[in-house]
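Note sheet for the following structure.
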Amino acid sequence: MTDRITSWHGNPSRPLYTPPAGAIDAHCHVFGPMAHFPFSAKAKYLPADAGPDMLFALRDHLGFARNVIVQASCHGTDNAATLDAIAKSGGKARGVAVVDPAIADADLAALHDGGIRGIRFNFLKRLVDDAPKDKFLDVAQRLPAGWHVVIYFEADILEELRPFMDAIPVPLVIDHMGRPDVTQGPDGADMKAFRAFLDSRDDIWFKATCPDRLDQARNGMGGDPWNAFADAVAPLVADYQDRVLWGTDWPHPNMQDDIPDDGHLVDMIPRIAPTVALQRKLLIDNPMRLYWPEERV
């Protein structure tokens, strides 16, 4: 694997929607720069550099104030690139790490000092080779106070993962709503199963993210402006408005064949959160509770 791929838009539009002052992009990544932060030998893709300077320039272009940087699978369990971006943010970024389950408590504390507030478990087989549930549960029981666990999976294994997720003793954040089939609509089987999961405990959060992944163009249907995503997700946001986050997913790992315009992604916000009150919860109140609780009045 030697060819590096570019998965982000080179000239994203300026959104028609203006986020409220203090808005947070609560799901994004950095890639490298590889010369300083090499990619994992186990990486399933080799991206071009997309470092903190690019991320923060996009943040400003789109009208956001802060970022939550999630460790990308291409960096494995070496969180140096994510920590570097947080350090360069001037206090405007926090992060989610990927760790070896055997990580020492002192190293978890060091990650906390570096701005990390959660760890991520990835169950997408095309991205990771091994996801040891027993070891994941062990480290989840040793997290610093106030941390949470982010879980990435696809809808077809939700029920299989339920016993594992039920056993995690800290709040859960589900990436991209567990990748439901949004073409089924708001009352489809995937959304009904995800709602039942959310109803099982009140500390499960989710990210209403990635219309570009979940509503892809195929057979002449879907794609930007992602109408199926808007129709399926807006009721979920309304019904669970105190447990929902939003983010760009920039630089859109593995989306090199269907690169979204980030300005259009931002314009999805008022379609899934149509009121000012909902938008504030989605973009400010909820991510502040998870990532900057010390700043909440």
Side-chain angles (χ1 to χ4, degrees), residues 26-27 68 70-71 73 77 96-103 108 117-211 213-215 228-229 232-247 249 253 272 282 286-287 289-290:
H27 186 92
V68 178
V70 178
Q71 172 83 345
S73 65
T77 59
V96 173
V98 174
V99 302
D100 184 321
I103 186 172
L108 286 171
R117 294 296 180 267
I119 59 172
R120 190 189 202 200
F121 301 150
N122 190 333
F123 288 92
L124 267 63
K125 293 180 181 178
R126 61 182 171 78
L127 294 178
V128 295
D129 293 322
D130 188 31
K133 295 187 184 74
D134 55 339
K135 295 178 181 178
F136 283 171
L137 283 176
D138 175 71
V139 70
Q141 294 167 353
R142 299 188 291 110
L143 297 179
W147 281 31
H148 58 274
V149 165
V150 176
I151 304 181
Y152 190 21
F153 61 86
E154 295 181 309
D156 62 342
I157 65 168
L158 171 57
E159 289 307 312
E160 174 190 331
L161 288 178
R162 282 290 301 269
F164 163 73
M165 293 191 291
D166 290 347
I168 293 175
V170 298
L172 305 178
V173 178
I174 308 303
D175 275 346
H176 320 322
M177 301 165 290
R179 296 183 63 109
D181 180 355
V182 296
T183 66
Q184 298 173 352
D187 299 316
D190 286 356
M191 277 300 188
K192 284 184 176 179
F194 191 63
R195 283 173 173 265
F197 176 50
L198 292 174
D199 290 340
S200 70
R201 49 191 277 192
D202 60 10
D203 63 346
I204 303 173
W205 302 54
F206 65 94
K207 297 173 185 174
T209 45
C210 292
R213 294 186 188 277
L214 304 182
D215 191 1
F229 180 94
V233 174
L236 191 72
V237 173
D239 290 344
Y240 299 91
Q241 57 189 261
D242 294 318
R243 295 193 267 157
V244 59
L245 307 169
W246 184 91
D249 190 41
I272 61 172
L282 181 70
N286 294 346
R289 283 165 58 199
L290 275 181

- Message: Between Ile272 and Val233, does the side chain to side chain contact (heavy atoms under 4.5 Å, CB included) criterion hold? Intermediate values first, please.
- Response: CA-CA 6 Å; Ile272 61 172; Val233 174; 4.1 Å; yes
- Could you please spell out the steps behind the side chain to side chain contact (heavy atoms under 4.5 Å, CB included) verdict for Phe136 and Val149? CA-CA 10 Å; Phe136 283 171; Val149 165; over 6 Å; no
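- Between Thr77 and Ile103 the shortest side-chain heavy-atom distance does not fall below 4.5 Å.
- What you find for Leu108 and Pro144 is that their closest heavy atoms are O-CG, 4.0 Å.
- Ring to ring, Phe194 and Tyr240 are not that close: their centroids are 6.0 angstrom or more apart.
- Distance CZ/Arg142 to CD1/Ile119: 8.5 Å, rounded to 0.5 Å.
- Put simply, CE on Met165 and CZ on Phe197 are 3.5 Å apart, with the number rounded to the nearest 0.5 Å.
- Using cut-offs of 30° and 60° for the angle between ring planes, the Phe123 and Phe164 rings count as perpendicular.
- The ring-ring contact (aromatic ring centres under 6.0 Å, His included) check on Phe229 picks up nothing, with sequence neighbours excluded.
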- What's the verdict on side chain to side chain contact (heavy atoms under 4.5 Å, CB included) for Lys133 and Leu161, showing C-alpha distance, side-chain angles and the deciding distance? CA-CA 9 Å; Lys133 295 187 184 74; Leu161 288 178; 3.5 Å; yes
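- Note that CG of Leu143 is 10.0 Å distant from NE2 of His148, once rounded to the nearest 0.5 Å.
- Between Ala140 and Pro169, the closest heavy-atom pair is O-CG, 4.0 Å.
- Contact of the Leu245 side chain with the Val68 side chain is not registered, since no non-hydrogen atoms from C-beta on lie closer than 4.5 Å.
- Taking each heavy atom of Glu159 and Pro163 in turn, the nearest pair found is O-CD, 3.7 Å.
- Between Leu214 and Pro180, the closest side-chain pair of non-hydrogen atoms falls below 4.5 Å.
- Using a 4.5 Å heavy-atom cutoff, the side chains of Leu172 and Arg201 are in contact.
- Remark: Arg179 CZ to Leu124 CG distance equals 6.0 Å, nearest 0.5 Å.
- For residues 180-199, the set of pairs meeting the salt bridge (charged side-chain N to carboxylate O under 4.0 Å, His left out) definition, not counting sequence neighbours, comprises Arg195-Asp239.
- Note that CG of Asp175 and CZ of Phe153 are 9.5 Å apart. Values are rounded to the nearest 0.5 Å.
- Going from atom CG of Leu282 over to atom CD of Gln241 covers 10.5 Å, rounded to the nearest 0.5 Å.
- Residues Met191 and Pro186 are not in side-chain contact: their nearest non-hydrogen atoms beyond the backbone lie 4.5 Å or more apart.
- You'll find the side chain of His27 stays beyond 4.5 Å of the side chain of Val173, heavy atoms only.
- A donor-acceptor pair under 3.5 Å is formed between the side chain of Asn286 and the backbone N or O of Val244.
- Annotation: side chain of Val150 is in contact with side chain of Lys207 (closest heavy-atom distance under 4.5 Å).
- Residues Val98 and Asn122 fail the side-chain proximity criterion, which asks for heavy atoms closer than 4.5 Å.
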- His176 and Asp249: CA distance, side-chain angles, deciding distance, side chain to side chain contact (heavy atoms under 4.5 Å, CB included) verdict: CA-CA 9 Å; His176 320 322; Asp249 190 41; 4.2 Å; yes
